[in-house]
Structures are given as structure tokens and as C-alpha cells.
Enquirer: 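The structure's right below; bear with me while I get my questions together.
What you see below is based on every heavy atom in this structure, not just the backbone, and it leaves out hydrogens, waters and symmetry mates. What you see is a predicted model, and the numbers here were worked out from it, not measured in a lab. Within every chain, numbering begins at 1; the chains are lettered A, B, ... in the order of the sequence lines, protein sequences first and strands thereafter.
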There are 2 protein chains.
Amino acid sequence: MPRRKTAKVELSRGRLLDAAAHIFRERGYVGTTMRAIAQDAGIEAGSIYYHYKSKDELIGAVLDFGIVELLSSVTSALSQLPADATPRLRIETAISAHVSAILDNGDYMLAMRRVFGQVPAATWRRHMRLRESYGEVWSKLLSSARRAGVVRTDADLTLARLFLLGGLNWTVEWYKPKGRPIRTVTRAFSTLILDGLLVPRARQARKPKK
Amino acid sequence: MPRRKTAKVELSRGRLLDAAAHIFRERGYVGTTMRAIAQDAGIEAGSIYYHYKSKDELIGAVLDFGIVELLSSVTSALSQLPADATPRLRIETAISAHVSAILDNGDYMLAMRRVFGQVPAATWRRHMRLRESYGEVWSKLLSSARRAGVVRTDADLTLARLFLLGGLNWTVEWYKPKGRPIRTVTRAFSTLILDGLLVPRARQARKPKK
DNA sequence: GTCTATATTCAGATAGAC
DNA sequence: GTCTATCTGAATATAGAC
């Protein structure tokens, strides 16, 4: 249940934004109709235009809200850590916060995935700047772990970040509340990315054939 | 450049299917118009209906073709391995084949991602059966590695598979031919999932705080 | 096999009453 | 702020000529 401000106007805008995320998630950008969003929000289609000038502005707001939620969840979790927290703990904390945030805001995250490449280019480019600032949080997390000397010296941190976030974000597609608890999932993911799947003694023969 | 049969009719169907994958990728299911697909394929909209009964049948063909390509690429790469190949080599080979296949068939893979949740439910359910048979290939790969004793005993193989495939599949969104060679990427991914990001001696303090 | 033409339906956005 | 009514453009799918 994602909810922000509680002022009068904001409350109405919030319901609209949630409805928009929900419908964009289910139908993609072009497949979403203003009428469908309005129905989901309990108003009529024409009324949306009092809040947002266009469908384009609406998807922009959904996109940006999703990233801002992620960014603030992860940075807030990190800032609550003691100053001397180990790099390992910092990464585990970020993984946990990231996964929790994407599951808490599933409609927004799934809306982003669905509308990838469907949103007008100008809107998308504007949004990508926000998105990159979130990527920066992870880049810094990993490079400070490397400076602390706990990361394999041959690791490519860019590839590691892309792989990790890809694996984490996929969760929003398959996770069901009735299944494993979130803590179980995030702990397993942390161990996988930090320690690997294999037992240490099985680490021979690095080069694949083909 | 994915291409299958070379018979006369098949050639035409193939161009149509490629065009469909391309447009579905860019605009999602509902956002894709038969006119746009036709234009991309160099024919007129009405002509599509000679090959496919409906837009729905067309997306079904795109979806199924994408999975079949993945399935055959990975199983073929695995079958070329010597019978005594180590579990590690088998997993590395599958990772390499999977990533190569998704990059070779980018339009099909991205079309799948975009239309997630937009395709009529009946078409999607039919397609999901194919998809699960591909998941089975990975499940068997991981569980046979566990039987060989090379996998951490506390690892949840279902979560490992979901995390790994999520990380691999994300590649199709960011990979650019001008960047790192594919081999560099797949080697890095293999090391990450099998050995982990951290140096072995840095493995203390397993429990995250929050 | 591919074309042109068309029927039917429905989209985004606006105007002005309440 | 939200409504109803409406303009205008464009979609899927079909029919029948070539």
C-alpha cells in the first residue's frame, strides 16, 4: 500500500496515480485508456485532465514516483546503519531494502517494466536521469566495498551491478505473498551474489568450452 | 538475424514474424497495430490475415518462437559437451548459450518482456507451458550439480534459478554490441553466480540488520 | 498471396454545466 | 473538482478485385 502526502488535493492525486500504475501495469502504455484509469480510480475520464494535462504526463508521474520510492527506501535503510558497518552488511541491507520496496510498490515497478520502450521518447529520457541517480547509489556501494578490499580483484563492478539488479528486479514478476517470506528470498539472494552457489572446494576449471 | 525454414511460404511467414516481434517489442501488445507490422514487413495490413487469423495468433507465434529458440540453443550446447563434463562446465555452458540466444533474438525476447500481462489470458496460458519446459532444463541442471556435491548445501535451487535467469535476461535490455564482448559478459556472470562477488576470506557476518 | 476499400468500434482530449 | 457530451482520428477485421 504505497501512499504519500495526506493533504486534500494530494489524496486525490494519489488515488489517481495508484490507479494509473495499476492499469499501465496490466496493459502497457498504449493499451491503457484514460477511461480505464478513471474507472479504477472511481471517477470519470474527463476529470483526469484536471490533475494531469495528458496521458503522457500521467505515465511520467508513475515512472518517477516508482524510482523515488526505490531511491528513498534504499538510501534510508543504508543511512540507518552504524558508520562502521561492513561492506557486506551494507550490500545485504541494500538488497533487502530494494526487494522490499519493489514488492511494496509492485504496480509501479511492473508498470515501468511494461511500458519500457512504449513511452514517448522525451518523457522517457527525462525519467532516465532519475533512474541513473539510483544506479549511482549501487555503483558507490560496490566500489566502496572494493576499496575496502573485500571484492574479488578481477570483478567487473558494472557487470556485477547489472546482473544483481536484474536478478533482484525479476522478483516482482514471480513473487507471491503466500510463498517464501521476503527475508528468506533476500537472504538467499545475498548469499548467492556475495558467496556464490558452489561450495568453495568445487572451484576448478574456470573456462567454459564454447 | 534469426531465421528458420527456407521454403517459399515459410520465408514469407518468417519475415512477417520478425516484423511482428520488432513492432511488439517497441509498442507492446495493445500498442501494436497490424498496419505497423505490415509496413515493417513490406506488405499491406489486410495481407497479414492470409497468414495469421488474428493479432492474437500472431503474438502467440512470436512468443512460442522465442522460447523454442532459447530451448534449442541451450539444450544443443549442453548436448555437445562430453559426457563427463563437470557440473560447473555444464552451468557455464548453459549461461553462455542462454545469453547468446537472447541477444541473437533480441526482438523476440524484448517482445516477450513488453507484452507480459497484455496478451489475452488464453494465449498466455498456452505459451506458459512451453516456458515451463524451458525452466525445467535449468532445474535439472542445478539439481544434478547438487547431486554431484558441488553446490552449497543450504542453497535454495528454485531461488537460485530465478535469480540467475533474472540477471541473465536483463542483459537484453542493456547490452550494446559496441560494448563488452559477449564472452566477457557471460564469463563474469558465471563467476558471479558460481563463486560470488566477495573474496573468500571476507565471508563473515551473514545476517543483515533490517 | 496481396491489394483496396470499408464497417464498426473506440481512443485522447476539450467544452462547459454543476 | 467532477460531470456529460462530443469532436476527430485511428484501430481490427472483412469483402472482394487482381
Enquirer: Specify the separation, in whole Å, of atom OH of B/Y49 and atom P of D/dA11.
Expert: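 The answer, rounded to whole Å, is 12 Å.
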Enquirer: Given D/dA13, C/dT2, D/dT4, which nucleotide is nearest the side-chain atoms of B/M34?
Expert: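 So the side chain of B/M34 is nearest to D/dA13.
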Enquirer: To the nearest angstrom, how far is A/I37 atom CD1 from C/dA11 atom P?
Expert: 12 Å
Enquirer: Under 4.0 Å between a side-chain N/O of A/Y50 and OP1 or OP2 of D/dT2, yes or no?
Expert: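 For D/dT2, neither OP1 nor OP2 has a side-chain N or O of A/Y50 closer than 4.0 Å.
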Enquirer: Look at the aromatic rings of A/F24 and A/Y29 and report parallel, tilted or perpendicular, splitting at 30° and 60°.
Expert: parallel
Enquirer: Give the rounded distance in Å between these two atoms: CD of A/E44 and C1' of D/dT2.
Expert: 9 Å
Enquirer: In this structure, how many angstroms lie between the C1' atom of D/dA10 and the CZ atom of B/R27, rounded?
Expert: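 Taking atom C1' of D/dA10 as the reference, CZ of B/R27 is at 13 Å.
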Enquirer: With respect to the side chain of B/S54, which nucleotide from C/dA13, D/dA13, C/dT2 is positioned closest?
Expert: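 Of C/dA13, D/dA13, C/dT2, D/dA13 is nearest to the side chain of B/S54.
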Enquirer: Please give, in whole Å, the distance from D/dT14 P to B/H51 NE2?
Expert: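 Between P of D/dT14 and NE2 of B/H51: 16 Å.
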Enquirer: Is A/D107 salt-bridged to A/R114, cutoff N-O under 4.0 Å?
Expert: no
Enquirer: OP1, OP2 of C/dG1 versus side-chain N and O of B/S47: anything below 4.0 Å?
Expert: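 So the side chain of B/S47 is outside the cut-off, no N or O lying under 4.0 Å from OP1 or OP2 of C/dG1.
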Enquirer: OH of A/Y52 versus C1' of C/dG12: gap in Å, rounded?
Expert: 17 Å
Enquirer: How many whole angstroms separate atom CD1 of A/I43 from atom P of D/dC3?
Expert: 6 Å
Enquirer: With the threshold set at 4.0 Å, does a side-chain nitrogen-carboxylate oxygen contact exist between B/D195 and A/R152?
Expert: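 So B/D195 does not pair with A/R152 through a salt bridge.
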Enquirer: Output yes when A/R187 and A/E92 qualify as a salt bridge under the 4.0 Å nitrogen-oxygen rule, no when they do not.
Expert: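 Salt bridge between A/R187 and A/E92, a charged N being under 4.0 Å from a carboxylate O: no.
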Enquirer: Round to the nearest Å and state the distance from A/I48 atom CD1 to C/dG12 atom P.
Expert: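 So the two atoms are 9 Å apart, to the nearest Å.
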Enquirer: Can you figure out which of D/dA13, C/dT2, C/dA13 approaches the side chain of A/K55 most closely?
Expert: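 Of all the options, the side chain of A/K55 is nearest to C/dA13.
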Enquirer: Do B/H98 and B/Y134 have side-chain atoms, one donor and one acceptor, less than 3.5 Å apart?
Expert: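 Yes, a side-chain donor-acceptor pair sits under 3.5 Å.
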Enquirer: Nearest heavy atom decides the nucleotide; on that basis, is A/R35 or A/G42 closer to the 5' end of DNA chain D?
Expert: A/G42
